[in-house]
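I have placed the structure first, in the form of structure tokens, so that the comments after it can refer back to it.
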Amino acid sequence: MKNKIYQTFDEAVADVADGSTFMSPGFSGVGVPRNLLAALHRQGASGLTGISNNCGTLDEKVDVGTLIEAGQVKKMYAAFTSPTHPSQISPFVRMYNEGTIDAETVPQGTLAERIRAAASGIGAFYTPASVGTELAEGKEHRKINGRTYVLEYPLHADYALIRAWRADEFGNLQFRLAQRNFNPIMAMAARVTVVEIEDEIVPVGELDPDKIHVPGVYVNRLVKIPPDGIFD
Amino acid sequence: MKNKIYQTFDEAVADVADGSTFMSPGFSGVGVPRNLLAALHRQGASGLTGISNNCGTLDEKVDVGTLIEAGQVKKMYAAFTSPTHPSQISPFVRMYNEGTIDAETVPQGTLAERIRAAASGIGAFYTPASVGTELAEGKEHRKINGRTYVLEYPLHADYALIRAWRADEFGNLQFRLAQRNFNPIMAMAARVTVVEIEDEIVPVGELDPDKIHVPGVYVNRLVKIPPDGIFD
Amino acid sequence: MAEEKPKLHRQAMCDRLAMEFQDDWIVNLGVGMPTLCSNYVDPTKDLIFHSENGVIGYGPLAPAGEEDRHLVNAGGQNVVPMPGMAIVHHADSFALIRGGMVDVTVMGAYEVAENGDFANWRIPNRKGGGIGGAMDLAACAKQVFIAMEHTTRDGKPRMLKRCALPITAPGVVTLVATDLGLFKITPDGFELREHAPGWNPEEIQELTEADLIIPSDLKEFRFRD
Amino acid sequence: MAEEKPKLHRQAMCDRLAMEFQDDWIVNLGVGMPTLCSNYVDPTKDLIFHSENGVIGYGPLAPAGEEDRHLVNAGGQNVVPMPGMAIVHHADSFALIRGGMVDVTVMGAYEVAENGDFANWRIPNRKGGGIGGAMDLAACAKQVFIAMEHTTRDGKPRMLKRCALPITAPGVVTLVATDLGLFKITPDGFELREHAPGWNPEEIQELTEADLIIPSDLKEFRFRD
């Protein structure tokens with residue numbers, strides 16, 4: 001069995017090239033691969049395209065906004081490309097208004113489904129979300145059984161940075177509660193999937209095959225978060 | 001909480017009307033809702049449309065072929081509409097050749113994805129499977145990023161008859177190993193989902209929320225298989 | 001001055017919407033004001049709270065000190081698990097939404113129009129938007145309820161003939177609670193069902209761009225018992 | 001008579017294909033003859049066997065008396081779990097297939113054509129077909145290997161210029177093992193890579209409709225050590 005365990009986050013993201021596309025999961029701060037994002041920040045790759053629910057928060061925590069603020073990201077696909085409160089001017093919002101970063105606003109369900117389509121070899125799909133709104137403008141519409149849908153395309157990525165609860169050495173993953181969110185579909189959609197593990201990396205055979213959220217075949221690299229790493 | 005527990009299979013399928021569409025999971029005889037199919041056979045509804053991987057086997061076990069042989073089914077959607085060996089002439093094959101039952105042959109992955117599309121509110125999707133073959137004839141084709149796909153539509157159903165390993169009283173379901181197969185996606189796609197349980201129906205709160213394969217919101221009726229029921 | 005009369009509090013607005021929830025409904029509450037709906041508890045009804053992040057069946061806010069950092073609702077608030085809770089991933093969570101399983105979604109809005117359009121994701125002359133899951137929910141939930149102040153901070157109406165802001169979904173809103181009353185959206189426009197205490201229909205109409213339908217059985221706003 | 005000379009056994013054909021599997025490959029074996037590929041074990045390589053029913057990483061056939069009735073491969077045979085095995089549902093199983101994760105699928109066939117087309121699902125003048133997951137696998141696996149007898153029972157060639165039967169997927173086959181040898185599909189057609197012992201290229205060509213390319217480094221068929 002190929003060794004998937006890396007000792008450091010830096011080694012695990014060392015080969016991310018300039019211009020790569022990466023996926024960064026997390027929802028309301030839960031399930032965010034903060035250690036891997038911090039490592040990618042240190043690594044310094046630039047011209048990146050990011051796929052994530054939001055474009056960074058205003059707390060002091062490491063997230064996709066850390067890479068954005070550092071100028072490493074040229075484009076974001078996200079469900080939030082403006083603050084939920086007008087007072088929240090994140091680095092992304094400032095740069096987006098200045099025109100130094102590009103973005104596509106994607107309804108959250110469409111974002112999830114586009115990621116799932118990439119993982120699933122689906123060429124495109126029709127969704128009812130956004131029909132009749134500005135976000136559907138210019139998109140192909142189709143009426144199916146009396147309902148109108150828009151055509152949406154998969155979102156592929158070179159790297160998925162993933163936060164999981166537990167793994168075995170083969171890369172089978174388990175998540176805890178709301179930590180799951182975008183993590184499984186991103187892990188399955190990217191060419192290279194790198195995972196930081198909160199709890200434990202157990203020997204192969206210790207996880208119940210019925211209780212695995214992401215099969216290890218999708219996982220390329222595993223790093224256990226060290227005691228001095230970022231857990232929250 | 002609404003009581004979802006039924007005492008008999010017969011009560012659980014009593015309201016299946018003539019002309020209904022039903023989904024019947026199972027793969028190689030594992031995860032087949034044999035008790036519910038037997039009850040639907042006894043119940044006698046006719047003019048049914050079935051969605052299932054195959055159209056019945058030649059063993060003596062109750063499966064979708066039992067309903068077909070009884071003349072209850074007018075059309076099947078299935079990945080197998082002819083025997084894998086020419087010698088295997090099931091009731092379905094005989095009736096199909098005689099023209100007394102209709103069928104649509106659907107590649108297995110397309111079948112699964114069409115069921116999942118119904119569960120997911122997807123209007124249609126593009127798949128590469130079957131392109132260049134007889135099964136793609138007359139279907140809409142589209143080239144996306146240099147690859148050709150065909151357009152496929154969701155498969156909805158009135159009823160899904162499901163075989164699960166364990167449930168809680170709210171209907172959260174767990175499956176064992178290869179028993180899972182089509183069960184979760186069919187459970188999520190049908191208007192009414194009826195489940196036979198092999199092992200146990202436990203009180204609400206006893207299943208770990210991280211280890212549920214089908215959320216109970218999708219499940220309408222539960223029947224524990226009695227000791228004299230069909231387990232295999 | 002009409003504006004200085006007491007208006008309904010946010011909790012009362014959300015209580016009123018929550019009274020419309022039916023037994024066994026799957027309920028999705030938007031970030032902000034709508035989350036107050038979960039503070040109204042009717043013991044005769046079981047509700048299943050769904051959050052976009054794949055949590056199906058969460059409970060009340062977690063008491064201080066008892067937060068599980070892995071369990072949050074759509075607003076990022078720590079909640080407690082309810083017996084029977086199940087977790088799915090984001091694609092399955094929106095499969096549930098698009099699949100039509102959500103009985104009601106309650107959202108905030110900048111504007112609601114008498115044709116059922118509403119706008120809650122984008123401020124004009126500002127790039128981008130905070131759409132989150134609102135478009136998926138608005139397009140696919142069986143009902144869309146809105147909780148919002150009746151007017152903007154500078155007193156302009158939010159209940160309009162047509163939305164001026166980019167809309168979230170066309171023609172989907174069924175019920176609106178504002179700080180002046182409860183409004184049903186009918187094929188003929190806004191019907192004032194219940195007015196805030198001390199406010200008469202004419203005063204409410206004055207702060208509403210669209211023409212209100214005033215039914216003969218107009219009632220005073222219903223508060224929790 | 002050429003037909004009476006000993007031909008390769010099915011296990012030898014499948015051994016030969018299995019020798020081409022590489023370390024860490026995800027392998028999907030079709031029902032029937034292809035399952036014999038799993039009898040060839042190269043201890044220097046780890047393979048992950050995937051079955052359409054969502055079993056990822058199953059092991060050998062279960063010994064008699066040790067079957068778990070809930071664990072079968074695509075052919076319905078009881079197999080044993082391997083450490084690291086994971087189960088997914090049918091939609092996720094084919095997401096894996098369509099997503100291009102399967103490195104090789106080995107299938108049986110009625111016919112293979114020199115352009116890489118093959119036919120294995122439908123007999124003409126018979127309604128319906130037994131397509132199973134073959135079209136999804138054939139369209140999406142990185143490589144498609146075929147194991148089949150070189151001729152039909154009545155001696156007609158199965159290695160054709162063009163398929164006569166309805167095809168399973170166009171232009172996807174890369175390698176074919178028959179009971180007469182190993183054939184690579186090249187842009188110019190079938191290349192005979194290895195011949196069965198006692199069979200020379202001319203004899204094999206005689207039983208093949210398409211023109212065979214006979215390379216200068218043609219070898220005898222390789223058996224397991």
Side-chain angles (χ1 to χ4, degrees), chain A residues 30-31 107 109-110 112-131 136 139-156 164-166 173-181 183-185 198-199 207-215, chain B residues 30-31 107 109-110 112-131 136 139-156 164-166 173-181 183-185 198-199 207-215:
Chain A
V30 180
T110 301
E113 191 67 10
R114 290 177 69 183
I115 294 164
R116 193 258 171 198
S120 310
I122 294 298
F125 61 90
Y126 288 96
T127 176
S130 87
V131 169
K139 290 183 180 167
E140 190 172 321
H141 287 61
R142 180 187 292 253
K143 206 161 187 171
I144 300 167
N145 278 333
R147 186 162 198 192
T148 305
Y149 297 80
V150 291
L151 186 62
E152 296 282 356
Y153 293 91
L155 280 173
H156 294 272
W165 174 245
R166 194 173 287 179
L173 303 183
Q174 291 178 335
F175 301 90
R176 260 205 90 226
L177 302 171
Q179 180 190 57
R180 204 183 306 183
N181 64 71
N183 275 288
I185 54 175
E198 281 191 30
D199 183 49
L207 298 185
D208 182 341
D210 286 327
K211 293 168 184 166
I212 287 166
H213 298 129
V214 174
Chain B
V30 181
T110 301
E113 191 67 11
R114 290 177 69 183
I115 295 164
R116 192 258 172 200
S120 310
I122 295 298
F125 61 89
Y126 288 97
T127 176
S130 87
V131 169
K139 290 184 180 167
E140 189 173 321
H141 287 62
R142 183 188 290 254
K143 206 161 186 172
I144 300 167
N145 277 334
R147 186 161 198 195
T148 304
Y149 297 81
V150 290
L151 186 63
E152 296 282 357
Y153 292 91
L155 280 174
H156 294 273
W165 175 244
R166 191 173 291 180
L173 304 183
Q174 291 179 334
F175 301 91
R176 258 204 91 226
L177 302 170
Q179 181 189 56
R180 202 182 308 185
N181 64 70
N183 276 287
I185 53 175
E198 282 192 29
D199 183 49
L207 299 184
D208 182 340
D210 287 326
K211 292 168 183 167
I212 287 166
H213 298 129
V214 174

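For clarity, every value in this text was computed on a predicted model and none was experimentally measured. Throughout, protein chains are lettered first and strands after them, A, B, ... in sequence-line order, and every chain is numbered starting at 1.
Put simply, of A:Lys211, A:Arg116, A:Gln174, A:Arg176, the one with the most heavy-atom pairs under 4.5 Å next to chain B is A:Arg116. The candidate with the highest count of non-hydrogen atom pairs below 4.5 Å against chain A, out of B:Arg142, B:Arg180, B:His213, is B:Arg142. Residue with the most contacts toward chain A among B:Pro128, B:Gly121, B:Gly123, B:Gly109: B:Gly123 (heavy-atom pairs, distance under 4.5 Å).
With a 4.5 angstrom heavy-atom cutoff, B:Leu151 touches chain A only via side-chain atoms. Using a 4.5 Å cut-off between heavy atoms, B:Glu152 makes no contact with chain A at all. In this structure, the portions of A:Ile122 lying under 4.5 Å from any heavy atom of chain B include both its backbone and its side chain. For B:Phe175, the part lying under 4.5 angstrom from a heavy atom of chain A is the backbone only.
Evaluation of the salt bridge (Lys or Arg N to Asp or Glu O under 4.0 Å) test over residues 119-130 of chain B, restricted to residues two or more places apart or in two chains, returns none.
Closest of all the heavy-atom pairs between B:Leu177 and A:Asp210 is N-OD1, 2.7 Å.
Atom NE2 in A:His156 sits 7.0 Å away from atom CG in B:Asn145 (nearest 0.5 Å).
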